[in-house]
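Keep in mind that this is a model prediction, so the values were computed, not measured.
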Amino acid sequence: MGYGAASVEGIIRRAGSSRASFDAQFAGKREAVEAAYQCRFERYLGRLLRACRAQSEWPLKVKVGIGVTLDMVADSPVDAQFLVVETMAVGDDFLQRVLDSRDRLGRLLIGGRNETPHGAELPGITEAVLIAGIAGVIAAQLRAGETMHLPAVAPQLVELTLTPYLGSERAVAVARRPRPGAEGPKAAQ
């Protein structure tokens with residue numbers, strides 16, 4: 001459910017709270033949605049960073065990070081909608097908060113510039129474009145109700161994300177490797 005379709009009553013019902021409790025915490029729907037977004041993003045970022053810290057090589061951090069993200073969306077599409085929030089419907093302040101969150105994710109990719117001799121030559125918007133592309137793929141799958149297929153797209157997203165830094169051949173090799181620390185069917189990502 002997007003911001004436009006959300007109601008204070010629906011938020012209260014989903015939270016299992018009361019109107020008095022809601023009013024004590026938030027000035028209105030927008031403030032509640034912003035708080036929920038921030039909470040979910042920080043929880044996601046913590047999970048992402050823990051998974052990435054377990055890897056010693058930057059390309060594997062990217063691979064695991066993409067896998068963790070896609071698994072989260074596939075496992076809980078409703079909870080993952082914060083990744084593709086309708087920022088324009090909420091307002092300028094919230095839009096800036098979402099853009100800042102995406103910038104934080106983009107900064108995690110900057111380490112890739114050290115993986116290549118031409119890292120300094122990459123356009124300054126490389127990381128922002130890569131994050132936006134991943135978010136676009138996730139948004140399309142969320143809208144189509146096809147999130148269960150997202151983990152299968154992981155190798156392509158890993159390849160696409162790593163190519164500017166490692167070149168096509170190395171990016172494909174990393175993308176085809178089993179995901180470190182994964183077990184079962186997700187290991188093939």
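At a threshold of 4.5 Å between side-chain heavy atoms, the hydrophobic network of Ile, Leu, Val, Met, Phe, Trp and Tyr places V172 and I134 in two separate groups. A continuous path of hydrophobic side-chain contacts links I66 to L49 [ILVMFWY only; heavy atoms under 4.5 Å]. At a threshold of 4.5 Å between side-chain heavy atoms, the hydrophobic network of Ile, Leu, Val, Met, Phe, Trp and Tyr places L48 and I110 in two separate groups. L130 and L108 fall within the same hydrophobic cluster, defined by Ile, Leu, Val, Met, Phe, Trp and Tyr side-chain heavy atoms under 4.5 Å apart, directly or through other members. Tracing side-chain contacts under 4.5 Å through hydrophobic residues (I, L, V, M, F, W, Y), one reaches V153 starting from L142; they form part of the same cluster.
Residues T126 and P164 come closest through the heavy atom pair CG2-CB, 4.3 Å. Considering every non-hydrogen atom in both V64 and C52, the closest pair reads CG1-N, 4.5 Å. Taking each heavy atom of R179 and G67 in turn, the nearest pair found is NH1-CA, 2.8 Å. Between L157 and L70, the shortest heavy-atom distance links the atoms CD1-CD1, 3.9 Å. Residues P180 and K63 share a closest heavy-atom pair of CD-CD, 4.3 Å. For the pair A175 and V158, the tightest heavy-atom approach, listed with the atom from each and the gap, is CA-CG1, 3.8 Å.
A donor-acceptor pair is defined here as one N or O able to donate and one able to accept, closer than 3.5 Å; no such pair exists between the side chain of S21 and the backbone of S17. In terms of modelled atom types and a separation under 3.5 Å, the side chain of T69 and the main chain of G65 share a donor-acceptor contact. No donor-acceptor pair under 3.5 Å is formed between the side chain of R170 and the backbone N or O of L166. Side-chain atoms of R113 do not come within 3.5 Å of backbone N or O of Y165 as any donor-acceptor pair. With hydrogens and angles disregarded, no donor-acceptor distance shorter than 3.5 Å links the side chain of R102 to the backbone of A128.
When the options I138, V137, V68 are evaluated for a side chain to side chain contact (heavy atoms under 4.5 Å, CB included) with V73, the one that passes is I138.
S101 contributes atom OG, which lies 13.5 Å from atom CZ of R40 (distance to the nearest 0.5 angstrom). Atom CE of M148 sits about 12.0 Å away from atom CG of D75, to the nearest 0.5 Å. Summarising the geometry, atom CG belonging to D100 is positioned 9.5 Å from atom CZ belonging to F41; distances are rounded to the nearest 0.5 Å. For the atom pair E159 CD and E169 CD, the distance stands at 11.5 Å (nearest 0.5 Å).
Side-chain contact between D71 and L150 is absent, with no heavy atoms from C-beta onward closer than 4.5 Å. Proximity of P155 to R176: side-chain heavy atoms (C-beta onward) are nowhere separated by under 4.5 Å. With contacts defined as side-chain heavy-atom distances shorter than 4.5 Å, the pair R107/E127 does not qualify. Contact of the V174 side chain with the W58 side chain is not registered, since no non-hydrogen atoms from C-beta on lie closer than 4.5 Å.
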Assess whether salt bridge (Lys or Arg N to Asp or Glu O under 4.0 Å) is satisfied between E42 and R47, documenting all intermediate values. CA-CA 9 Å; E42 292 301 327; R47 180 178 174 191; over 6 Å; no
Please determine whether side chain to side chain donor-acceptor pair (under 3.5 Å) holds for the pair E146 and H149, giving the CA-CA distance in whole Å, both sets of side-chain angles, and the decisive distance to 0.1 Å. CA-CA 6 Å; E146 299 289 328; H149 302 298; 3.0 Å; yes
